[in-house]
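Start at 1 and go down the list; that is how both ligands and their atoms are numbered. For the numbers below, each heavy atom of this structure counts, side chains included, while hydrogens, waters and symmetry mates do not. Quick caveat, the model's predicted, so the values are computed rather than measured.
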Amino acid sequence: MIQIDDLRKMYQIGDQQIQALRDVSLTIHEGEFVAIMGPSGSGKSTMMNVLGCLDKPTSGEYMLDNYRISTAHDDDLAFIRNQKIGFVFQSFNLLPRTTAVENVELPLMYSGVPVRERRERAIAALQDVGLGERLWNKPNELSGGQQQRVSIARALVNNPLILLADEPTGALDTNTSNEIMSIFQHLNDAGKTVILVTHEPDIAEYAKRIVRFRDGRIEEDQLVEVRRLAY
Ligand code: ADP
Ligand code: ADP
């Protein structure tokens with residue numbers, strides 16, 4: 001589903017060139033749960049931006065679901081991103097004066113889904129992440145963990161191919177982090193492909209595979225013993 005070959009990403013700052021990613025080759029199949037790890041500056045964010053079709057590589061190839069992302073036009077990239085990828089961020093990024101249901105409906109508005117269907121799908125997505133009792137609450141009436149569930153429901157509602165989560169537990173306490181990771185695990189058990197960026201080893205252990213970056217290169221790529229909580 002994801003096939004990356006000899007990918008490089010350079011940044012130009014003045015007359016200085018920074019190689020944020022070099023010689024990166026990576027294959028990710030449907031149904032995998034991959035954690036991307038590495039120290040600060042190792043290229044995780046850059047990799048996430050490329051994987052999420054927010055940014056194109058400088059050279060090399062990136063194929064996503066048979067689309068050649070590496071040479072796609074920006075308009076096509078935006079379309080592919082909206083169709084194929086659900087994003088979850090550390091800071092939730094919810095609209096503050098808007099209910100959980102309305103927040104989750106937002107991506108469906110952009111893709112032109114009719115009002116009734118929007119509502120049904122938003123409610124179903126919130127139920128999927130265990131928030132069926134909080135449909136009409138606004139973000140400031142929800143705990144951090146509940147807000148992150150809303151953002152996971154929003155990421156899921158378009159039924160994307162991949163769930164891409166960037167430090168999704170970075171703003172949460174340990175117990176809540178474990179609950180959120182169990183939700184990702186639950187979604188992965190149901191077949192969803194999940195890619196997670198984290199610098200926390202305890203969080204990465206929820207994934208089935210850990211890819212470690214150092215200095216813009218993949219240093220290690222291993223299948224791991226999966227950590228599980230009682231769900
Ligand atoms: P990480 O997420 O692992 O901290 P990044 O991908 O943010 O790593 O950064 C990798 C390298 O690329 C670092 O040296 C960083 O300073 C540089 N870098 C990242 N983004 C940019 C950018 N937009 N412009 C210039 N340099 C960048
Ligand atoms: P994270 O904490 O997630 O690793 P960073 O602090 O590395 O994030 O980067 C935050 C944002 O700033 C990212 O979008 C990254 O691409 C950009 N960035 C990182 N380093 C630089 C840099 N040296 N110059 C310009 N932009 C940068």
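Taking both residues in full, the closest heavy atoms of Gly86 and Pro160 are given as N-CB, 3.5 Å, listed atom of the first, atom of the second, then distance. Of all non-hydrogen atoms in Trp136 and Glu141, the two that sit nearest each other are O-OE1, 4.5 Å.
At most 12 non-hydrogen atoms from other residues, nucleotides or ligands lie less than 6.0 angstrom from CD of Glu225.
For ligand 1 and Lys44, the ligand atoms under 4.0 Å from any heavy atom of the residue are 1 (P), 2 (O), 3 (O), 4 (O), 6 (O), 8 (O). Atoms of ligand 1 lying under 4.0 Å from at least one heavy atom of Ser42, given by number and element, are 1 (P), 3 (O), 8 (O). Taking every heavy atom of Ser40 and a limit of under 4.0 angstrom, the matching atoms of ligand 1 come to 4 (O). Set against the non-hydrogen atoms of Pro39, the atoms of ligand 1 under 4.0 Å away are 3 (O).
Residue nearest to atom 2 (O) of ligand 1, selected from Gly41, Gly43, Ser45: Ser45 (by heavy-atom distance). Across the listed options Leu21, Asp55, Ile18, Ile18 owns the non-hydrogen atom lying nearest to atom 17 (C) of ligand 1. Comparing Asn49, Val197, Thr46 by heavy-atom distance to atom 5 (P) of ligand 1, the nearest is Thr46.
For the residue pair Thr176/Asp173, the side-chain donor-acceptor check at 3.5 Å is satisfied.
Under the side chain to side chain donor-acceptor pair (under 3.5 Å) criterion, Glu120 pairs with no residue, sequence neighbours left out.
Here side chain to side chain donor-acceptor pair (under 3.5 Å) pairs that include residues 28-39, with residues two or more places apart or in two chains, are Glu32-Arg209.
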